[in-house]
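What follows is a set of notes on a single structure, which appears directly below.
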Amino acid sequence: MATWLMMICMMIMPIFMASFVSADPELLQDVCVADLTSGVKLNGFPCKTNISADDFFFAGLAKPALTNNTLGATVSPASVQQITGLNTLGVSMARVDYAPGGLNPPHTHPRATEIVFMLEGELDVGFITTENKLFSKTIKKGEIFTFPRGLLHFQINNGKVPAAALAAFNSQLPGTQRAANALFGSSPMVDDNVLTKAFQIGTKEVEKIKSKFAPKK
Ligand code: GLV
Ligand code: MN
């Protein structure tokens, strides 16, 4: 009896493991180019009928993006929203450009692990585990760093020249949640008393931070 049970467990274990370790769901067909305009709601996007090579192509990461914004960094995504052919394929990319001093602020990707490859310059990068341990490193051109799925992470260009990195994700739409924007710029807003207590600061400070992250009307 015990042996039978063990054999059954050994047979079904890999199936469970496979479904736990994969990020996006497994493919059920060769391609399913996303119809982003469909009103049908499902997990992913419905498939288009007329497809071409262009559905799998994107030139949007070829050039550096402008970085003249508050943070001095710009993320250019290449997800299923830009490359509809990625629908159901479980992968995507992004390019991040950083001015000197530029910051990609603390954020998480709820649906993907991220791996970055430095194209140019140098970055100080890090992620924080659920036990609040920081893993950080300086990475330069040609080097790679990994941010495990769901963990808070950031990159800052402490160098004197611009930097650029290419990020790959094991999800067609990793999702990005920036910590500061989520807490201080949500709509409707999180109550001040939640934030004063959470951050151990006064209402004035909370209001000041909120004013910087208020969603644009
Ligand atoms: C970098 O962390 C990115 O999400 O593009
Ligand atoms: Mn990221």
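All values below were derived from every heavy atom in this structure, side-chain atoms included, with hydrogens, water molecules and symmetry-related copies excluded. In listed order, ligands and their atoms are each counted from 1.
Under the 30°/60° scheme for interplanar angles, the aromatic rings of H109 and F169 are found to stand perpendicular.
Paired with Q172 under the rule side chain to side chain donor-acceptor pair (under 3.5 Å), one option of N87, D24, T84 passes, and it is N87.
Few gaps surround CG on N193; more than 12 heavy atoms of other groups in view lie less than 6.0 Å from it. With a 6.0 Å radius and a threshold of 12 heavy atoms from other residues, nucleotides or ligands, L134 has its CG atom above the threshold.
Proximity of a side-chain donor or acceptor of T67 to a complementary backbone N or O of A73 within less than 3.5 Å is not detected. A donor-acceptor contact shorter than 3.5 Å is absent between the side chain of K48 and the backbone of G85.
Each of the atoms 5 (O) of ligand 1 lies under 4.0 Å from some heavy atom of V96. Shown in contact with H109 at under 4.0 Å from a heavy atom are these atoms of ligand 1, numbered in order with element: 3 (C), 4 (O). Those atoms of ligand 1 with a heavy atom of N104 less than 4.0 angstrom away are 1 (C), 2 (O), 3 (C). The contact set between ligand 1 and F169, taken as ligand atoms under 4.0 Å from a residue heavy atom, comprises 4 (O). Numbered from 1 in the order shown, with element, the atoms of ligand 1 that lie under 4.0 Å from a heavy atom of V75 read 5 (O). In the vicinity of Q155, heavy-atom distances shorter than 4.0 Å reach the ligand 1 atoms 1 (C), 2 (O).
For the pair NE2 of H153 and OE1 of E114, the angle at the Mn ion (ligand 2) is about 90°; rounding is to 10 degrees.
In this structure, of H153, R178, E114, the residue bringing a heavy atom nearest to atom 1 (C) of ligand 1 is E114.
Taking any N or O of T176, backbone or side chain, none lies under 3.5 Å from an N or O belonging to ligand 1.
The existence of a salt bridge linking K208 and E205 is excluded, since no basic side-chain nitrogen approaches an acidic carboxylate oxygen closer than 4.0 Å.
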